[in-house]
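The figures that follow rest on heavy atoms only: side chains count, while hydrogens, waters and symmetry mates do not. So you know, we letter chains A, B, ... as the sequences are listed, proteins then strands, and number each from 1.
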2 protein chains.
Amino acid sequence: MEKVDKIFEAALSLFTTKGFHGTPTSEIAKTAGVANGTLFHYFKTKEDLINNLYLNLKNEMVEESTNGIEKIESLKLKFEYLWSKTIQWAMTNPQKIFFIQQYMYSPYITTNTQEEVDKIKEVYINLIQSGIENEEIKEIPVDLIYIIATQQLFGMIQYLVINPEKYHDSEFMNLAFNLFYDILKTN
Amino acid sequence: MEKVDKIFEAALSLFTTKGFHGTPTSEIAKTAGVANGTLFHYFKTKEDLINNLYLNLKNEMVEESTNGIEKIESLKLKFEYLWSKTIQWAMTNPQKIFFIQQYMYSPYITTNTQEEVDKIKEVYINLIQSGIENEEIKEIPVDLIYIIATQQLFGMIQYLVINPEKYHDSEFMNLAFNLFYDILKTN
DNA sequence: ATATTTGTAGAGTGATCAGTCAATCAAATT
DNA sequence: AATTTGATTGACTGATCACTCTACAAATAT
């Protein structure tokens, strides 16, 4: 495993459990099994590290959830694919989604990083847009649909992390998806 | 204005813009116009301060949104009251809702505080519960409804803070509430 | 082969910060 | 009037931390 990835791994775990300024860079280096200086060789500053980590995880989330979506025909099924893939990723990486939620609107994430993230999430925006054009998705500002959908999805993930048995209850999961999709779809 | 409140006010502003460990207690004291020692007279530690602040704001939010709700008869209107009152509070205190969102799942908020918050939110839980018994609200785990509803509400608030002109567009706000209530209500 | 760049290490440092402390002041209680 | 209790102050400190710097090793280019 690359040293950079070891640093990312250590930082993810420590930042989520102890906070950003709550974890010394020395501890990150120690946990990652690298020297203090190595950390600063790869990242100019501590802020640089958390910004890269955040971008990295957002990228991973989007890639994991959209990989293979082009094979799916119907729009509803595409949304279901996205929805279930994201949940699947979150359930296997609870700490990652936890980190994202925790630092999404934190002052450590620069506007520059936010802009990069905005580019990444365009896949989602485009899907919503095409849904609106097809009159399958409600004609509501895309931004609003996006925020509401992601927030609701995060809520569902939070619930599933606390009640993991529900994740294997397919009847429940079906109902849960409809709860999600009913907001978006035209009546 | 009480010194404690001045400290709360300063801490709210600084914590949201610079992060918890990112703001020195000395700066909080200076901004609040009190001496360094005074801060520690009222709060045992810096963590104690942020926990109290968090609890304080959660309380304020719930009180503001539920105050006067007993006068309303229909369940749907009660939800609409709660929904619009919360949004109204958030729009006049964007920093407060921003702080809540930012520290909701941060490691600085102790489980003890979370438990206190759980007590506060019982008003909401009871309302949902009675709605389920009346068969006006979907028969879904109360926890799940609660999480989804609050997350969605937070999403809406985020959108409105960015697009404040929509807040005064009553047609939009009507549509927005229905977007919220349609998830909850039985078909 | 030699030069140059890149990776890795860890001791060292100047600055910063949470919390203490001793002193004074104000108000309440006896 | 005396005494206790609580409020307020700000200088001080021991510890901690982000980042630097120098040195060496490995890889890559010339």
Side-chain angles (χ1 to χ4, degrees), chain A residues 1-57 99 102-103 105-114, chain B residues 1-57 99 102-103 105-114:
Chain A
M1 194 175 183
E2 297 278 325
K3 304 226 169 195
V4 198
D5 292 321
K6 279 188 180 177
I7 294 170
F8 273 146
E9 198 181 56
L12 167 65
S13 161
L14 290 167
F15 284 157
T16 28
T17 51
K18 304 175 70 176
F20 177 62
H21 279 112
T23 60
T25 51
S26 58
E27 197 179 349
I28 300 172
K30 204 175 122 194
T31 308
V34 303
N36 219 303
T38 307
L39 192 155
F40 286 95
H41 174 72
Y42 288 106
F43 306 98
K44 270 206 310 291
T45 61
K46 197 182 175 185
E47 253 199 23
D48 193 35
L49 166 57
I50 200 174
N51 275 273
N52 273 287
L53 176 58
Y54 182 76
L55 207 55
N56 216 33
L57 291 179
F99 174 89
Q102 203 183 312
Y103 289 99
Y105 295 105
S106 92
Y108 312 119
I109 303 301
T110 65
T111 47
N112 208 322
T113 304
Q114 291 289 6
Chain B
M1 194 176 184
E2 298 277 325
K3 302 222 170 193
V4 197
D5 291 322
K6 280 189 178 173
I7 293 170
F8 273 144
E9 199 181 56
L12 168 66
S13 161
L14 290 166
F15 284 156
T16 28
T17 51
K18 305 176 69 177
F20 177 62
H21 278 112
T23 59
T25 50
S26 58
E27 198 179 349
I28 299 171
K30 204 175 123 196
T31 309
V34 302
N36 219 304
T38 307
L39 193 155
F40 286 96
H41 174 72
Y42 288 106
F43 305 98
K44 268 204 313 289
T45 63
K46 197 183 175 186
E47 253 198 23
D48 193 36
L49 166 58
I50 200 176
N51 274 274
N52 273 289
L53 175 59
Y54 182 75
L55 207 54
N56 216 34
L57 291 178
F99 174 89
Q102 203 182 310
Y103 289 97
Y105 296 104
S106 92
Y108 312 119
I109 303 302
T110 66
T111 46
N112 208 322
T113 304
Q114 291 289 6

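Here the closest heavy-atom approach between residue A:D48 and residue A:F43 is recorded as OD2-CA, 3.6 Å. In terms of heavy atoms, A:H21 sits closest to A:K46 at CA-NZ, 3.6 Å.
Put simply, CG on A:L39 and NE2 on A:H41 are 11.0 Å apart, with the number rounded to the nearest 0.5 Å. Atom CD1 of residue A:I7 and atom CZ of residue A:F40 lie 10.0 Å apart, to the nearest 0.5 angstrom. Taking CD of B:E9 as the reference point, atom CG of B:L53 lies at 11.0 Å (rounded to 0.5 Å). One distance of note links CG of A:L49 with NZ of A:K44; it measures 12.5 Å at 0.5 Å rounding. One finds the OG1 atom of A:T23 at 8.0 Å from the CD1 atom of A:I50 (value rounded to the nearest 0.5 Å).
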Would you be so kind as to tabulate the donor-acceptor pairs closer than 3.5 Å made by side chains of residues 24-35 of chain A, with sequence neighbours excluded?
residue, atom, partner, partner atom, Å
A:E27, OE1, A:K18, NZ, 2.9
A:E27, OE2, A:K18, NZ, 3.4
A:T31, OG1, A:E27, O, 2.7

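Remark: A:Y42 engages no residue in a side-chain hydrogen bond (donor to acceptor under 3.5 Å, both in side chains) (not counting sequence neighbours). With sequence neighbours left out, the side-chain contact (heavy atoms from CB on, under 4.5 Å) criterion links A:T17 to A:Q95. In this structure A:N56 satisfies the side-chain hydrogen bond (donor to acceptor under 3.5 Å, both in side chains) test with no other residue, sequence neighbours excluded. A search for side-chain hydrogen bond (donor to acceptor under 3.5 Å, both in side chains) contacts involving A:N51 returns A:T110, A:T113, not counting sequence neighbours.
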> Which parts of nucleotides 23-28 of chain D does protein reach within less than 4.0 Å, heavy atoms only, written one letter per nucleotide 5' to 3' as B for base, S for sugar-phosphate only and - for none?
Replying inline: ------
> Could you run down nucleotides 24-29 of chain C 5' to 3' and tag each one B, S or - for protein heavy-atom contact under 4.0 Å?
Replying inline: ------
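Annotation: proximity of residues 20-33 of chain A to DNA chain D (heavy atom, distance under 4.0 Å) is found for A:T23, A:P24, A:T25, numbered in ascending order. Contacts between residues 106-114 of chain B and DNA chain D, defined by a heavy-atom separation under 4.0 Å, are absent. Residues of residues 6-15 of chain B that place a heavy atom closer than 4.0 Å to DNA chain C do not occur. Taking a 4.0 Å limit (strictly below) on heavy-atom distances, residues 37-46 of chain B reaches DNA chain C at B:F40, B:T45, B:K46.
Between the side chain of A:Y103 and the backbone N or O of A:F20 there is at least one donor-acceptor pair closer than 3.5 Å.
Over its full length, the helix from C:dA1-D:dT30 to C:dT30-D:dA1 turns its helical axis through 10°, comparing axes from the five pairs at each end and rounding to 10°.
With C:dA9, D:dA11, D:dT9 as the choices, the nucleotide that has an atom nearest any side-chain atom of B:N36 turns out to be D:dA11.
Contact check for A:F8 versus A:L57: no side-chain heavy atoms found under the 4.5 Å cut-off. Side-chain contact between B:F15 and B:Q102 is absent, with no heavy atoms from C-beta onward closer than 4.5 Å.
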